[in-house]
Number of protein chains: 2
Amino acid sequence: MGKGEQTRQAILDEAFALASNIGVGGLSIGVLAERTRMSKSGLFAHFGSKEELQLAVLREAQQRFADVVLRPAFRQPRGLARLRAIVINWLDWTRVANLPGGCVINAAAAEFDDQPGPLRDEVRIGLLALRRTLVDTVAKAVSTGELRPDTDAEQFAFELEGIYQVTQQSRRLLDDPEADRRALVAFDRLVRDYASTNKGD
Amino acid sequence: MGKGEQTRQAILDEAFALASNIGVGGLSIGVLAERTRMSKSGLFAHFGSKEELQLAVLREAQQRFADVVLRPAFRQPRGLARLRAIVINWLDWTRVANLPGGCVINAAAAEFDDQPGPLRDEVRIGLLALRRTLVDTVAKAVSTGELRPDTDAEQFAFELEGIYQVTQQSRRLLDDPEADRRALVAFDRLVRDYASTNKGD
DNA sequence: TGATTTATAAAACGATCGTTCGTTCGTGTC
DNA sequence: GACACGAACGAACGATCGTTTTATAAATCA
């Protein structure tokens, strides 16, 4: 990795952590420059525009999410075990990744949801990919027979995302110490409702 | 209502709609001034500081939420009917209120959740009040016998908020036309799980 | 109507924004 | 030793930010 790549990554690391606190939209070249002890222009040259920097941060976030949440979970056998691993990793990922201020992607989703442009597109693509992964994982738990054949995988994934979002908000804004436990309760209820039973029907 | 109050309210209306698009943090005195065809200083004088304006917008949002979502629902008899009315109004409120760009409060929650200060406090207070209202409403549905006595009302409210949040995101960012239907499915599943049955246990 | 608050405006403040420009520094290559 | 190159810099650009000051117009009240 050349010197350029190295610096670029260092900037990105700092930007990532900063964006976690103040949001991707709140990033500023000046602030980022003094944090990395670089000149504004030197830093700027690595990205060409602020928007490019923001996009890079979003891509970084997606990559880390895949590394920290999805990839480890896919070492579990497909089915409920894998699904549960995703949920566990997901709820924990702001602690594991360098995200002192919460999930960058979710914050960006709320920030750009009605501001058309490349940033919105990037967030959208990432979240669509996540939803597809969730749907597929649920579908596999159906095909293993752990969930009922009539399970609506899209509905299941939809509700999973709801659990994640309210957990984030409860933790971060409401300081609810029960948030994580409630998330797991909700997940278990979801699984139980769709699980195959031997009571028939 | 004197002239001052009148202009102040007009500014607030515009700020409210604008904040729906670009967020409470994205509000700017300059932009707001030209939208209301006022001078920056003339507008500024009504609030004294930008933060005070932002707080006013958040309070406006809370008030409208109470007017549009809660108050009408409380005309329903307490119990499941009232709870369902809250959910229906809630899902619809960005259409009913002047919120072309989505729920101001939820966006502000994501924006300020780790930026200590009066804005975060205001959002927090509003969301805590909402949660309390939800918990109380669920608890009443328990006391009417419509929900089981061992229902965890806090858990119920927690999951309701999750449904709302994922619905907003699915509608606004993912353009999912099924979002509203899925929200109701999730709500029904929630109610069914906690409902009293005559099968016993 | 005249006096007096109140509401709005115009102009300017220093700060910060993203961006551009020209230059310097360091490194490796012929 | 001359050359080319990528990396970083300092200085400045015009624009916008929130805010203050000073002044005038409008509304309110006696």
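By convention in this document, chain letters (A, B, ...) are assigned in the order of the sequence lines, proteins followed by strands, and residues within each chain are numbered from 1. Owing to the predicted nature of the structure, the values given are computational and were not obtained by experimental measurement.
Aromatic ring pairs are classed by plane angle as parallel below 30°, tilted from 30° to 60° and perpendicular above 60°; the pair A:Trp90 and A:Tyr164 is parallel.
Going from atom CZ of B:Arg8 over to atom C1' of D:dA27 covers 19 Å, rounded to whole Å. Atom CD of B:Gln6 is separated from atom P of D:dA27 by 10 Å (rounded to the nearest Å).
Checked by atom type, the side-chain pair A:Gln115/A:Arg120 shows no donor-acceptor distance below 3.5 Å. A side-chain N or O of A:Thr144 and one of A:Glu146 form a donor-acceptor pair less than 3.5 Å apart.
When the side-chain nitrogen and oxygen atoms of B:His46 are compared with OP1 and OP2 of C:dT8, one or more of them lie within a distance under 4.0 Å.
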Can I get a per-line list of side-chain donor-acceptor pairs under 3.5 Å for residues 126-136 of chain A, giving both atom names and the distance, sequence neighbours left out?
residue, atom, partner, partner atom, Å
A:Arg131, NE, A:Glu161, OE2, 3.1
A:Arg131, NH1, B:Asp176, OD2, 3.3
A:Arg131, NH2, A:Glu161, OE1, 3.1
A:Arg131, NH2, B:Ser170, OG, 2.9
A:Thr133, OG1, A:Ala129, O, 3.0

Kindly list each side-chain donor-acceptor pair under 3.5 angstrom involving residues 54-63 of chain B, sequence neighbours excluded, with atom names and distances?
residue, atom, partner, partner atom, Å
B:Gln54, NE2, B:Val24, O, 2.9
B:Glu60, OE2, B:Gln9, NE2, 3.4
B:Glu60, OE2, B:Arg64, NE, 2.8
B:Glu60, OE2, B:Arg64, NH2, 2.9

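Between A:Asp113 and B:Gln169, the closest side-chain pair of non-hydrogen atoms is not below 4.5 Å.
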Handout entry: Per-nucleotide protein contact string for nucleotides 9-22 of chain C (B base, S sugar-phosphate only, - none; heavy atom under 4.0 Å)
Key = BB------SBBBB-
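The residue A:Ala45 sits apart from the nucleic acid: no heavy atom pair falls under 4.0 Å.
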